[in-house]
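Reviewing the structure listed below.
Every chain is numbered from 1, with letters handed out A, B, ... down the list of sequences. The figures here come from the full heavy-atom set of this structure, side chains too, leaving out hydrogens, waters and symmetry mates.
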Amino acid sequence: MKLSLFLAIKTIIRGDKGSLILTVLIMLVVFLNLLFVDAIFAGITETMDKGKINYQYGEVIIEPKMGDRYIKNTNQIIDTMKDFYYVKNITARITTGAVLINDKNNDGRDVVKFRTGIIGIDPEEDNDVVDIKSNIIEGRYLEKNDRGKIMIGADAAGGYGSSVFAEDLEGVRSGDNLTVEFENDIIREFEIVGIYRTKNFETDSKMIMMRNDFNSVFSTTNESSEIIMRLTDKNLSQKAISDLQKLGFGEYELADWSDKLSFGRTINESFDKIGLILRVIGSFVSGLVIFIIIFVDIVNRRKQIGILKAIGISEKSIMYSYIFRGMFYTIIGMTLGYLIMRFGVVNLFTKHPIDFPMGWMIPKIKIESLRMSILLFILAGLIGSFLPTIKEVRKKILTLMR
Amino acid sequence: MKEYILKSKDLVKTYKAESQSPVFALRGVNAEFKKGEFVALMGRSGSGKSTFLHQLALLDRPTSGQVKINNTDVAKLSENERAKFRLQVLGYVFQDYALIPELSLYENIALPMMALGFSRKKYDADVQEIIKRVGLNGRKNNLPSELSGGEQQRVSIARAIVNKPEILFADEPTANLDSEAASVVLEVMRELVDKYNQTIIMVTHEPDDKKYVDRVIWLKDGVISEER
Ligand SMILES: Nc1ncnc2c1ncn2[C@@H]1O[C@H](COP(=O)(O)OP(=O)(O)O)[C@@H](O)[C@H]1O
Ligand SMILES: [Mg+2]
């Protein structure tokens with residue numbers, strides 16, 4: 001073993017520097033490329049998760065069971081839960097569906113209708129839980145004493161860049177008036193005071209109004225459609241849910257942020273599949289590179305293998321020396337690739353995140369993906385250096401020395 | 001009366017290529033070698049000298065017949081045991097030096113010691129001493145490419161004897177050298193025999209080499225034609 005390592009090291013450091021650099025460079029690029037794609041996928045996933053948590057569901061969300069319209073004991077839940085050590089903030093929202101009507105020229109002729117969800121909030125309370133305020137792109141956030149004022153998401157308003165939806169209001173701006181036809185057929189007119197864009201497309205296609213206005217339309221008082229909790233740590237969400245159940249709130253739908261990732265989850269699964277395919281291809285390429293490098297080298301060193309065998313060095317030691325070399329190229333390539341990724345690429349994108357449709361995306365190195373890639377590359381390196389070596393080393397001494 | 005450390009009995013080697021007629025390289029060779037003897041194998045090109053040496057030196061397996069080293073029938077050894085035997089009991093010098101180009105003079109010589117699992121502390125003194133013995137003091141960090149042919153061949157001899165082998169085999173060690181370098185190499189070998197009682201079996205076709213050796217075995221068409 002020691003001898004094999006010795007031979008491998010000497011051959012590497014006293015061998016041709018150009019081909020050494022080239023080999024390591026190829027391994028580096030192949031590995032870096034894989035890490036990069038993986039990190040983009042992980043970054044997108046995380047961005048979507050964050051969007052869901054920050055702009056829609058919080059870490060834990062309480063909703064009525066299917067068929068029920070409202071959560072009845074809203075205040076009781078909020079008063080009980082807000083004292084738990086892991087609860088940062090908590091708020092109740094009330095929601096409904098409605099048709100938004102944009103009468104473009106105020107003459108009833110060029111009218112655009114857009115059906116979407118509406119959220120009634122207490123702006124001061126809601127702002128501690130769902131961050132709309134810092135995502136206002138035009139106008140302002142709702143204020144405590146506002147009446148008949150609304151905010152609308154950029155994807156619903158239209159004209160604020162691309163969106164995932166085919167339809168919108170074809171361009172309303174803050175200051176415009178908007179007619180809303182509620183589910184109970186009541187029609188009211190509101191003034192848009194702000195346009196927001198969180199990049200969570202479900203939030204950005206909705207309209208947000210004052211809780212008081214909502215109550216006056218639906219004659220509601222303290223009912224709510226969802227209670228959103230923000231926790232000190234998103235990993236405590238299951239603890240919060242089990243506490244809610246113990247307190248007897250199991251009659252409601254209790255979900256955490258990860259339960260709400262239906263779309264994100266399918267995307268995640270696709271990413272995992274693509275990631276796996278790329279990893280397999282990447283490690284195959286790296287194994288092939290090692291195979292070619294070792295193969296070419298070994299053909300040029302047949303005589304030397306014969307000499308080593310002749311003076312009594314075991315086939316195993318000779319084989320290991322080539323496998324060590326293959327491993328050296330692989331591991332150095334991977335290490336450099338990782339370092340460039342970790343301290344170059346990730347740092348660069350942390351300073352300049354990529355503007356993705358789902359949010360600002362920073363590539364993220366996931367430990368599980370990294371571990372799997374390393375494992376596959378090492379395996380490929382082992383196979384790639386073993387295959388050409390075993391055949392040659394087994395040959396007869398005189399055949400090799402000829 | 002010195003004992004024989006190496007014997008061959010009815011040694012036959014036949015090369016069979018698929019399409020061609022077989023080549024009878026050795027056709028029943030009987031020979032005995034004593035401890036501390038310097039023997040030359042001579043004969044015309046193609047007479048079977050190298051083939052004979054390869055069978056004696058465990059680099060090949062004969063078609064039939066026996067090779068005994070220290071009364072061990074080497075045919076009975078497995079490939080692994082033969083490798084160990086070559087490492088521990090035998091030493092080799094080849095016509096083209098056969099050094100590892102990436103290893104320094106010192107490292108080339110130390111290689112068999114490393115293969116035996118010795119640490120540098122254990123073998124350093126031995127290696128230094130052997131470097132002196134072959135007259136290459138002060139060159140130990142040179143790579144083979146920085147040495148002359150004669151010097152490389154002396155490194156090769158040093159590597160072959162560092163394990164203190166019972167028998168040293170050499171196949172035309174001076175064929176690539178000018179006469180001056182050749183005589184230095186042969187003198188080194190002669191000194192090994194005289195001072196350290198080394199057994200050496202050397203293939204050569206230089207008639208002049210006779211003066212360095214104790215005995216010459218002449219081969220002709222795969223059999224011994226004469227011994228002196
Ligand atoms: N691997 C081989 N295959 C076929 N014939 C061989 C092989 N090696 C040697 N020979 C033949 O065996 C004979 C003896 O060869 P060799 O021992 O190399 O002779 P020498 O060393 O005396 O010049 C020659 O006729 C040679 O052509
Ligand atoms: Mg020959």
Side-chain angles (χ1 to χ4, degrees), chain A residues 1-21 23 293-294 296-322 324-326 328-329 389-402, chain B residues 13 15 25 50-51 53-55 57-61 78-104 106-120 141 143-146 156 159-163 165 168-169 171:
Chain A
M1 262 332 208
K2 239 175 105 184
L3 175 70
S4 314
L5 200 59
F6 172 78
L7 285 174
I9 291 170
K10 291 294 173 183
T11 318
I12 290 163
I13 59 176
R14 299 230 178 96
D16 182 33
K17 293 285 180 308
S19 65
L20 167 68
I21 291 169
T23 310
I293 299 291
I294 299 287
V296 168
D297 185 81
I298 226 162
V299 164
N300 288 321
R301 283 174 195 269
R302 288 181 68 184
K303 179 133 209 244
Q304 185 175 319
I305 294 174
I307 293 162
L308 291 172
K309 278 183 77 166
I311 65 174
I313 291 171
S314 69
E315 291 178 11
K316 240 196 223 157
S317 298
I318 301 169
M319 201 168 74
Y320 283 148
S321 80
Y322 283 94
F324 281 145
R325 266 174 69 195
F328 174 86
Y329 298 136
T389 314
I390 184 76
K391 229 182 89 211
E392 216 54 34
V393 158
R394 287 263 168 88
K395 287 186 179 154
K396 286 196 188 138
I397 296 171
L398 293 180
T399 311
L400 291 164
M401 288 190 67
R402 210 164 21 224
Chain B
K13 180 72 187 183
Y15 292 109
S50 294
T51 306
L53 190 86
H54 293 154
Q55 313 310 313
L58 270 60
L59 295 176
D60 198 9
R61 284 181 188 268
S78 72
E79 273 312 312
N80 268 341
E81 288 167 327
R82 284 164 72 95
K84 249 189 217 148
F85 213 92
R86 289 196 297 268
L87 181 60
Q88 293 171 343
V89 183
L90 310 177
Y92 302 89
V93 176
F94 301 100
Q95 180 178 335
D96 56 1
Y97 331 128
L99 300 174
I100 308 298
E102 284 93 359
L103 300 186
S104 70
Y106 181 96
E107 291 160 346
N108 263 292
I109 296 172
L111 198 62
M113 298 303 259
M114 293 184 201
L116 283 170
F118 290 120
S119 66
R120 186 172 181 134
N141 292 324
L143 292 173
S145 57
E146 297 159 352
S156 172
R159 181 182 64 188
I161 60 171
V162 73
N163 280 357
L168 175 62
F169 294 98
D171 193 348

(message) Tell me whether Asn108(B) contacts the main-chain N or O of Ile100(B) through its side chain, where contact means a donor paired with an acceptor under 3.5 Å.
(response) yes

(request) Take Leu3(A) and Leu111(B), measure what side chain to side chain contact (heavy atoms under 4.5 Å, CB included) needs, and give me the verdict at the end. (result) CA-CA 8 Å; Leu3(A) 175 70; Leu111(B) 198 62; 3.6 Å; yes

(request) Output the residues of residues 394-402 of chain A for which the shortest heavy-atom distance to chain B is under 4.5 Å, in residue-number order; output 'none' if no such residue exists. (result) Ile397(A), Leu398(A), Met401(A)

(request) Go through the atoms of Arg159(B) and report whether side chain, backbone, both or neither lie under 4.5 Å from a heavy atom of chain A. (result) side chain

(message) Please output the residues of residues 308-315 of chain A in contact with chain B, using a heavy-atom cutoff of under 4.5 Å, in numerical order.
(response) Leu308(A), Lys309(A), Ala310(A), Ile311(A), Gly312(A), Ile313(A)

(message) Using heavy-atom distances under 4.5 Å, tell me whether Lys316(A) contacts chain B through its side chain, its backbone, both, or neither.
(response) neither

(request) Please flag which part of Leu143(B) lies under 4.5 Å from any non-hydrogen atom of chain A: side chain, backbone, both or neither. (result) side chain

(message) Please verify the inter-ring angle class for Phe94(B) with Tyr92(B); under 30° counts as parallel, over 60° as perpendicular, anything in between as tilted.
(response) parallel

(message) Which residue is it: Ile298(A), Thr11(A), Leu7(A)? I am looking for the one with a side chain to side chain contact (heavy atoms under 4.5 Å, CB included) to Tyr322(A).
(response) Ile298(A)

(message) Quick check on the interface: out of Lys84(B), Glu107(B), Met114(B), who has the most heavy-atom pairs with chain A under 4.5 Å?
(response) Glu107(B)

(message) Using the rule salt bridge (charged side-chain N to carboxylate O under 4.0 Å, His left out), only one of Arg14(A), Arg325(A), Lys10(A), Arg301(A) pairs with Glu102(B); which is it?
(response) Arg301(A)

(message) Show the nearest heavy-atom pair for residues Asp60(B) and Arg82(B), with the distance to one decimal.
(response) O-NH2, 3.0 Å

(message) So for Asn80(B), is it side chain, backbone, both, or neither that comes closer than 4.5 Å to the heavy atoms of chain A?
(response) neither

(request) Supply the atom-to-atom distance Thr23(A) OG1 to Ile293(A) CD1, rounded to the nearest 0.5 angstrom. (result) 3.5 Å

(message) Between Glu392(A) and Ile318(A), is the side chain to side chain contact (heavy atoms under 4.5 Å, CB included) condition met? List the steps.
(response) CA-CA 10 Å; Glu392(A) 216 54 34; Ile318(A) 301 169; over 6 Å; no

(request) State whether the side chain of Ser156(B) and the backbone N or O of Tyr97(B) hold a donor-acceptor pair below 3.5 Å, judged by distance alone. (result) yes

(message) Quick check on the interface: out of Asn163(B), Asp96(B), Leu99(B), Leu87(B), who has the most heavy-atom pairs with chain A under 4.5 Å?
(response) Leu87(B)

(message) Report which part of Ser317(A) has an atom under 4.5 Å of a heavy atom belonging to chain B: side chain, backbone, both, or neither.
(response) neither

(request) Select one option (side chain, backbone, both, neither) describing which atoms of Ile13(A) are under 4.5 Å from chain B's heavy atoms. (result) neither

